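Everything quoted here is computed from the prediction, not taken from an experiment.
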Amino acid sequence: MPPTINPFFSFQNISLHIEQAEALLVPREEGLFLVRESTNYPGDYTLCVVYQDKVEHYRVMYTSDCRLTIDEEEYFTNLSQLVEHYQTDADGLCTKLEKSVPKKGNPEFTIDTKAFELAGWTIKLQDLQLGEVLGKGEFGEVEKMILANRQITVREVAEDLNISIGSCHSIFINDLGMRWVAAKFVPKLLNCDQKQHCMNIANEMLDSVRDDPNLLQRVITGDKAWVYGYDVETKAQSSQWKLPHEPRPKKARQVRSNVKVLLTIFFDCRGVVHHEFLPQGRTVNKEYYLQVMRNLCEAIRQKRPDLWKNKNWLLHHLNAPAHTSLLVRDFLAKTNTLMIPQPPYSPDLAPCDFFLFPKLKRPMKGRRYATLDEIKTASKEELKKIFKNDFLKCLDDWKNLWHKCIISHGDYFEGDKIGIHE
């Protein structure tokens with residue numbers, strides 16, 4: 001007898017934000033529920049259930065053997081079994097599941113895998129055997145060679161398989177969707193613990209923003225960077241149009257100038273809060289950074305009186321030794337300054353690195369400034385050109401980067417094409 005095909009969860013509303021899910025759970029009848037895709041843990045689900053006029057959210061996790069669980073004690077092969085279990089008994093949830101929110105759109109279906117196995121419709125993995133490739137130069141044979149050696153050339157594959165370079169190139173590009181890329185330089189190759197630490201911080205921040213949607217509006221973030229008297233313009237900046245008969249434009253190889261000044265800057269969603277330049281002859285040590293923190297507090301008192309009065313602003317900076325020194329930490333503790341965590345070796349998660357410094361330095365590349373005063377004046381002028389909406393967008397981008405960090409399992413992701421579905 002053929003396997004039973006059950007209607008696919010009328011309670012599953014897939015692509016929903018937390019606010020959209022809570023808006024659907026009305027009236028607030030105890031036990032009213034729905035299941036949606038998790039925004040913080042891509043690939044998992046979230047069970048949303050009404051209890052005492054509030055919506056509780058439970059993470060539904062996939063295990064390594066593709067089973068589902070909420071408490072890591074009870075395991076289920078699909079969502080239907082999970083829901084049926086908690087409709088019978090709360091079993092650790094705040095309440096039993098009583099009534100589901102109807103799913104929007106056309107009904108879908110799922111298959112009872114156990115019924116399929118009993119009916120003989122499935123093939124066990126251990127019963128499968130790889131056979132011979134049918135003909136030379138087959139798609140699978142090309143893919144096998146590439147996966148064995150990612151640096152192999154199209155010509156080498158074509159010669160080994162005795163096929164044309166054109167056909168081989170078409171398999172590379174059109175069939176496999178591959179492209180030749182150079183390895184990207186990163187500050188440090190992260191180990192498993194460091195990657196997990198990055199993911200933990202990203203999850204923690206996403207949870208905090210979910211609980212307090214206005215949290216990022218109270219964050220003041222900052223860092224320091226060298227600004228040069230001459231910085232080499234980018235390849236894109238030096239590009240220009242040319243006619244077919246004209247020679248290609250040329251330029252001499254150049255390097256950054258020795259004339260430079262260190263800029264320390266802090267900003268929030270409304271713009272720059274404080275900036276200062278390192279005096280000549282000084283180095284960035286704990287005493288200098290302590291004075292920077294005092295100057296920052298005074299700038300907040302003057303420019304952000306609302307944050308200063310409520311004492312609810314949050315500081316975000318990197319983990320440099322001067323920043324984490326006991327002297328600075330004691331000062332921040334005495335002023336009751338709350339901190340936003342920053343994972344080490346992760347510039348792709350620092351707003352100054354992915355937003356402010358590129359925005360400041362790019363227009364200055366290719367220009368020459370003879371003195372430190374000229375560099376400082378130009379830097380201030382470029383900072384004034386950054387719009388408030390750019391600062392707001394930066395904070396929205398920051399949330400997306402936390403999602404990318406989780407999807408990338410804590411590894412560097414700058415330059416990678418990663419789709420985010422909240």
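Judged by the 6.0 Å and 45° rule, K188 forms a cation-pi pair with Y345. A cation-pi geometry, defined here as NZ or CZ lying under 6.0 Å from the six-membered ring centre and within 45° of its normal, does not hold between K311 and W313.
The backbone N or O of S379 sits nowhere less than 3.5 Å from a side-chain atom of E382 that would complete a donor-acceptor pair. A side-chain donor-acceptor contact under 3.5 Å links T69 to the backbone of E74. Within the 3.5 Å criterion, the main-chain N or O of M199 finds a donor-acceptor partner in the side chain of N203. Using a distance-only test at 3.5 Å, with no hydrogens or angles considered, no donor-acceptor pair links the side chain of N310 to the main chain of N312. No donor-acceptor pair under 3.5 Å is formed between the side chain of R368 and the backbone N or O of Y230. Between the E156 side chain and the T153 main chain, a donor and an acceptor come within less than 3.5 Å of each other. Using modelled atom types, no side-chain atom of E414 and backbone atom of K184 make a donor-acceptor pair closer than 3.5 Å. Under a 3.5 Å cut-off, the side chain of K361 and the backbone N or O of W226 do form a donor-acceptor pair.
The environment of NE2 in H85 is crowded: more than 12 heavy-atom neighbours from other residues, nucleotides or ligands sit within 6.0 Å. Taking a 6.0 Å sphere around NZ of K365, one finds it holds more than 12 heavy atoms contributed by other residues, nucleotides or ligands. Within a 6.0 Å sphere centred on CG of N191, other residues, nucleotides and ligands contribute more than 12 heavy atoms. By the neighbour-count criterion of 12 heavy atoms within 6.0 Å, atom NZ of K251 is densely surrounded, having more than that number from other residues, nucleotides or ligands. The 12-atom threshold is exceeded at CG of L147, counting heavy atoms of other residues, nucleotides or ligands nearer than 6.0 Å.
Considering OG of S257 and OH of Y369, their distance stands at 11.0 Å, rounded to 0.5 Å. Here CE of M339 is found 9.5 Å from OG1 of T324. Values are rounded to the nearest 0.5 Å.
Between I201 and Q342 the shortest heavy-atom distance is CD1-C, 4.1 Å. Between P27 and L32, the closest heavy-atom pair is O-CD2, 3.4 Å. Looking at every heavy atom in both residues, W180 comes nearest to I152 through CZ3-O, 3.9 Å. When every heavy atom of K260 is checked against every heavy atom of L372, the shortest pair comes out as O-CD2, 3.3 Å. The two residues L79 and L68 come nearest to each other via the heavy atoms N-CD1, 3.5 Å. Between L161 and V142, the closest heavy-atom pair is CD1-CG2, 3.5 Å.
The existence of a salt bridge linking E276 and K376 is excluded, since no basic side-chain nitrogen approaches an acidic carboxylate oxygen closer than 4.0 Å. Between D397 and K393 there is a salt bridge, since at least one side-chain N of the basic residue sits less than 4.0 Å from a carboxylate O of the acidic one. Between D212 and R218 a salt bridge is recorded (basic side-chain N to carboxylate O distance below 4.0 Å). Using a 4.0 Å cut-off between a side-chain N of Lys or Arg and a carboxylate O of Asp or Glu, R304 and D268 qualify as a salt bridge. A salt bridge is defined here as a Lys NZ or Arg NE, NH1 or NH2 lying under 4.0 Å from an Asp or Glu carboxylate O, and K144 with E141 fails to meet this definition.
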inquiry  = salt bridge (Lys or Arg N to Asp or Glu O under 4.0 Å), that's the test. Do D44 and R59 meet it? Break it down for me.
reply    = CA-CA 7 Å; D44 290 346; R59 179 185 174 190; 2.8 Å; yes
request  = Please report the C-alpha distance between V55 and V49 in whole Å, then the side-chain angles of each, then the deciding distance to 0.1 Å, and finally whether the side chain to side chain contact (heavy atoms under 4.5 Å, CB included) criterion is met.
outcome  = CA-CA 5 Å; V55 179; V49 56; over 6 Å; no
message = As a quick check of understanding, evaluate ring pair (Phe, Tyr, Trp, His ring centres under 6.0 Å) for H316 and W398, giving each step before the final call.
response = CA-CA 12 Å; H316 172 266; W398 201 5; 4.9 Å; yes
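Aromatic ring pairs are classed by plane angle as parallel below 30°, tilted from 30° to 60° and perpendicular above 60°; the pair H323 and Y289 is parallel. Note on ring orientation: taking the six-membered ring where Trp is involved, the planes of H275 and F277 are perpendicular (angle over 60°, cut-offs 30° and 60°).
For the pair I165/E159, no side-chain contact is recorded, criterion being any heavy-atom separation below 4.5 Å from C-beta on.
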